[in-house]
**Q** 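Have a look at this one.
What you are looking at is a predicted structure, and each value in this text was computed from that prediction instead of being measured.
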Amino acid sequence: MADKKQNNSIEKLNFEDAIRELTNIVGKIEQGQIPLQDSIEQYEKGMTLIKHCRSILVKAEKRIEKISQIDDNKTSEEVEKDEEGNLPF
């Protein structure tokens with residue numbers, strides 16, 4: 001049950017906040033500030049954060065590709081308009 005709550009709260013984080021939290025976890029683990037069991041739990045949380053960040057990046061990449069395709073289409077229409085003096089329909 002706690003894992004579901006944790007996953008839900010992670011899913012609500014934006015990219016920057018997720019990276020910030022991940023950085024904090026890495027710092028704690030690297031400095032040995034927390035006991036082994038807590039380190040393992042933090043590691044699991046970190047892996048969930050990484051998965052979330054990758055998901056956000058994939059969505060952003062798809063948006064960029066879509067925008068690029070739209071821009072490519074506009075560019076080709078503009079070129080055709082310039083060559084013929086009217087829009088291609």
Side-chain angles (χ1 to χ4, degrees):
M1 187 70 150
D3 287 340
K4 273 191 174 183
K5 284 184 181 181
Q6 179 177 313
N7 287 345
N8 286 339
S9 66
I10 288 174
E11 289 174 4
K12 293 177 183 178
L13 293 175
N14 64 30
F15 182 80
E16 292 78 11
D17 290 339
I19 290 293
R20 196 172 300 114
E21 192 161 338
L22 184 59
T23 302
N24 289 336
I25 289 170
V26 169
K28 287 178 187 176
I29 292 173
E30 285 180 346
Q31 293 176 4
Q33 295 177 347
I34 52 179
L36 179 61
Q37 183 60 36
D38 291 342
S39 291
I40 293 170
E41 290 170 4
Q42 290 297 299
Y43 179 82
E44 289 174 339
K45 183 177 181 181
M47 294 305 293
T48 303
L49 285 163
I50 289 170
K51 184 178 177 181
H52 176 64
C53 288
R54 284 184 179 152
S55 173
I56 292 171
L57 290 173
V58 166
K59 289 176 186 175
E61 187 176 70
K62 287 179 182 179
R63 277 185 72 191
I64 290 169
E65 287 174 5
K66 189 174 184 178
I67 292 167
S68 294
Q69 289 173 351
I70 290 170
D71 286 345
D72 288 346
N73 289 339
K74 285 183 179 179
T75 302
S76 64
E77 287 178 5
E78 290 170 357
V79 168
E80 289 179 30
K81 180 181 177 186
D82 289 342
E83 290 174 359
E84 299 173 13
N86 54 21
L87 288 173
F89 293 123

**Q** Can you name the closest pair of heavy atoms from S39 and I29 and give their distance?
**A** O-CD1, 3.8 Å

**Q** Please tell me whether M47 and F15 are part of a single hydrophobic cluster in this structure, the criterion being side-chain heavy atoms less than 4.5 Å apart.
**A** no

**Q** So, taking the atom named CD in E61 and the one named CD1 in I56, what distance separates them when rounded to the nearest 0.5 Å?
**A** 14.0 Å

**Q** Hey, what do you get for CD (E41) to CD (E44), rounding to the nearest 0.5 Å?
**A** 7.0 Å

**Q** Among the clusters formed by ILVMFWY side chains lying less than 4.5 Å apart, do I19 and V26 turn up in the same one?
**A** no

**Q** Using side-chain heavy atoms (C-beta onward) and a distance below 4.5 Å, is R20 in contact with T23?
**A** no

**Q** Under 3.5 Å, is there a donor-acceptor pair between the side chain of H52 and the main chain of A18?
**A** no

**Q** Going only through I, L, V, M, F, W and Y residues with side-chain contacts under 4.5 Å, is there a path from I10 to I50?
**A** yes

**Q** Check whether I25 and I34 end up in the same hydrophobic cluster, where Ile, Leu, Val, Met, Phe, Trp and Tyr are linked by side-chain heavy atoms less than 4.5 Å apart.
**A** yes

**Q** What is the distance from atom CD of Q33 to atom CG of D38, rounded to the nearest 0.5 Å?
**A** 12.0 Å

**Q** Indicate yes or no for a side-chain donor-acceptor contact from S68 to the backbone of I64 under 3.5 Å, with no hydrogens or angles considered.
**A** yes

**Q** Kindly work out whether a path of hydrophobic side-chain contacts (I/L/V/M/F/W/Y, heavy atoms less than 4.5 Å apart) joins L57 to L49.
**A** no

